[in-house]
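Here the structure comes first, spelled out in structure tokens, and everything after it is commentary.
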Amino acid sequence: MNALVVGGGGREHTLAWKLKQSEKIATVYCAPGNPGMAGIECIEIGDFEALADFAQTHDVGLTVVGPEAPLCAGLVDVFRARGLAVFGPDKHAAQLEGSKRFAKDFMVRHGIPTAAARSFTEAGPAIDYLHQVEMPVVVKADGLAAGKGVTVAATREEAIAAATACFDGAFGEAGAEVVVEECLIGEEASILAFVDGKTIKPLASSQDHKPIGDGDTGPNTGGMGAYSPAPVVDEALWAQIDELVLQPFLRGVQEDGLDFRGIIYAGVMVTAEGPKVLEFNVRFGDPETQAVLPRMTGDLAEAMLACIEQRLADYDFEWSDDTAVCVVLASGGYPGPYEQGKQIDGLAAAETNGAMVFHAGTKRVDGQIVTAGGRVLGVTALGPDIRTAVHRSYEAADKISWEGVYKRRDIAHRALDRL
Ligand code: AMP
Ligand code: GLY
């Protein structure tokens, strides 16, 4: 059979690369894909019905949806209605990511520890509330905002400005409802788990780096780098996460009758009181995937098919003992305005020592690869320990250049600090 990956960023590049290794899969298609995808058939296809037509006429036995937007817009529903095997939640269940209030209600209903929160649909009451609560607080646009709809506000002025911006349309419809949340203190970890409605099984742990600047300073981005495993998630914490987050999540899916056969990503804050969930995403993390999947030794297509067919109980994930580090290269100015179309040099050189370059925002113009997004590339290297993996990934990433290229220099600093 063939496989189809929907999306075209670094996460989808990694998914396509890993599916390509599967013995079950002949051809991997990616819609739209990107110019870095060697051996993958990139296709340009418009709407969900046209994609489903393509899947039916091209022997696609497994479709994987990378980004949240098509999941929230109901791609899975269209495919399932035609009997196509697709990995991901349906439109209703995708609200666990698409609406922060839906997710919060789910967590409260099923006893999953999370920050206390209130949600508002009008500026007046939100601002009144922000005058009363203690700072810091976290202000979030309710809907999808590409990781940028969250402000951790140290002062009342900042909090009010953030809420006002949401209601004034800074995030369009996504900001029509605003969630104000208690600020949790601790170290974050990304917990990804496959769920088939009967069983939940975690993948290897990882950690992202959301702020743009070294030392976790500056505005939040989609993620500037990742590594796996995250040593903060030791055996004792895994046991707590299983008991307090994963099992209640599975029970919640069952009790609420959600059609969730895909991956759940819990952004977890490890607080002094134990793990608390910051948010759910209903898809693979980006860039966490670029660090996690290179460590997976088993067959990803097999795992996904087991999940879709509710046989996940019979599938065992296996992981390399190596550590993986992914460094993201971004356009200068990101997450604010940035220029595009810069010629990228050094791509081939970067891959000479076993490092992998996953494309996130590139395009091919006159045979040259140029920048075409905020996050442009992810460079992943493996090593027997975190120090070696960090060294190898920066050695490779530093071979790549374009005018204005930016990267954080401290990916994995929390793991290194633990040594
Ligand atoms: P989210 O998109 O909800 O994951 O938020 C993006 C980032 O904002 C998270 O990865 C955290 O770094 C931060 N954040 C979100 N909610 C909270 C919270 N309640 N307390 C502290 N930091 C938060
Ligand atoms: N790395 C954060 C995310 O995928 O949402």
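Here the structure is a predicted model, which is why all the values come from computation and not from measurement. Read the numbers this way: they start at 1 and go in the same order the structure lists the ligands and their atoms.
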Going by the atom numbers of ligand 2, which of them fall below 4.0 Å from some non-hydrogen atom of Glu288? 1 (N), 2 (C), 4 (O)
Sole residue of Arg109, His92, Arg251 in side chain to side chain donor-acceptor pair (under 3.5 Å) with Asp256: Arg109
Evaluate salt bridge (charged side-chain N to carboxylate O under 4.0 Å, His left out) for Lys201 paired with Asp316, printing each intermediate quantity in order. CA-CA 8 Å; Lys201 286 198 175 172; Asp316 288 320; 3.4 Å; yes
If you measure from each non-hydrogen atom of His209 to ligand 2, which part falls under 4.0 Å: side chain, backbone, both or neither? neither
Side-chain donor-acceptor pair present, Asn34, Thr362, cut-off under 3.5 Å: no
In ligand 2, the atoms that come under 4.0 Å of a heavy atom of Pro287 are 1 (N)
Going by atom types only, do Gln247 and Asp242 share a side-chain donor-acceptor pair under 3.5 Å? yes
Decide whether an N or O pair under 3.5 Å exists between Arg11 and ligand 2. no
Residue-level breakdown please: for Lys100 versus ligand 1, do any non-hydrogen atoms fall below 4.0 Å on the side chain, on the backbone, on both, or on neither? side chain
Under 4.0 Å from a heavy atom of Tyr265: give me the atoms of ligand 2 that qualify, with their elements. 1 (N), 2 (C), 3 (C), 4 (O)
What is the nearest protein non-hydrogen atom to atom 5 (O) of ligand 2, stated with its residue, atom name and distance? Arg283 NH2, 3.0 Å
Numbering the atoms of ligand 2 from 1, which are under 4.0 Å from a heavy atom of Asp208? 1 (N), 2 (C)
Tell me, please: is Gly222 in heavy-atom contact with ligand 2, that is, under 4.0 Å? yes
What's the spacing between Tyr394 OH and Lys407 NZ if we round to 0.5 Å? 8.0 Å
Quick one: sort the Phe87 and Phe284 rings into parallel, tilted or perpendicular, breaks at 30° and 60°. tilted
What are the atoms of ligand 1, with element, lying closer than 4.0 Å to any heavy atom of Ala115? 19 (N)
Under 3.5 Å, is there a donor-acceptor pair linking the side chains of Tyr29 and Glu41? no
Out of Val152, Leu144, Thr221, the nearest non-hydrogen contact to atom 13 (C) of ligand 1 is supplied by Val152
Could you tell me which atoms of ligand 2, counted from 1 in the order shown, lie closer than 4.0 angstrom to a heavy atom of Asn281? 5 (O)
Strictly below 4.0 Å, N to O, side chains only: are Arg418 and Glu187 in salt-bridge contact? yes
Any idea which of Glu97, Glu188, Glu279, Lys140 brings a heavy atom closest to atom 16 (N) of ligand 1? Lys140
Tell me, please: is Met269 in heavy-atom contact with ligand 1, that is, under 4.0 Å? yes
Which heavy atom of Val277 sits nearest to which heavy atom of Thr114, and what is that distance? O-OG1, 2.8 Å
In ligand 2, which numbered atoms sit nearer than 4.0 Å to a non-hydrogen atom of Gly285? 4 (O)
Hey, are Thr121 and Glu177 close enough side-chain-wise for a donor-acceptor pair under 3.5 Å? no
Are any of the N/O atoms in Glu279 less than 3.5 Å from those in ligand 2? no
If I take atom CE from residue Met224 and atom CZ from residue Arg409, how far apart are they, to the nearest 0.5 angstrom? 11.5 Å
So which bit of Cys183 gets within less than 4.0 Å of ligand 1, heavy atoms only: side chain, backbone, both or neither? both
Using a heavy-atom cut-off of under 4.0 Å, does the side chain or the backbone of Asn220 touch ligand 1, or both, or neither? side chain
Verify the distance criterion only: is there a donor paired with an acceptor across the side chains of Asp299 and Ser22 at less than 3.5 Å? yes
Ligand 2 contact by Gly223, heavy-atom criterion under 4.0 angstrom: no
Looking at Val138, which atoms of ligand 1 are within less than 4.0 Å of one of its heavy atoms? 16 (N), 17 (C), 18 (C), 19 (N), 20 (N), 21 (C)
With a heavy-atom distance limit of 4.0 Å, tell me whether Leu184 approaches ligand 1 through its side chain, its backbone, both, or neither. both
When the ring planes of Tyr315 and Phe317 are compared, do they come out parallel, tilted or perpendicular, using 30° and 60° as the limits? perpendicular
Return yes when Gly267 approaches ligand 2 closer than 4.0 angstrom through a heavy atom, no otherwise. no
Would you please determine whether Lys210 falls within less than 4.0 Å of ligand 2 on a heavy-atom basis? yes
So if I count the atoms of ligand 1 from 1 in the order they appear, which ones are less than 4.0 Å from some heavy atom of Glu182? 18 (C), 19 (N), 20 (N)
Output for pair (Met304 CE, Phe194 CZ), nearest 0.5 Å, gives 4.5 Å
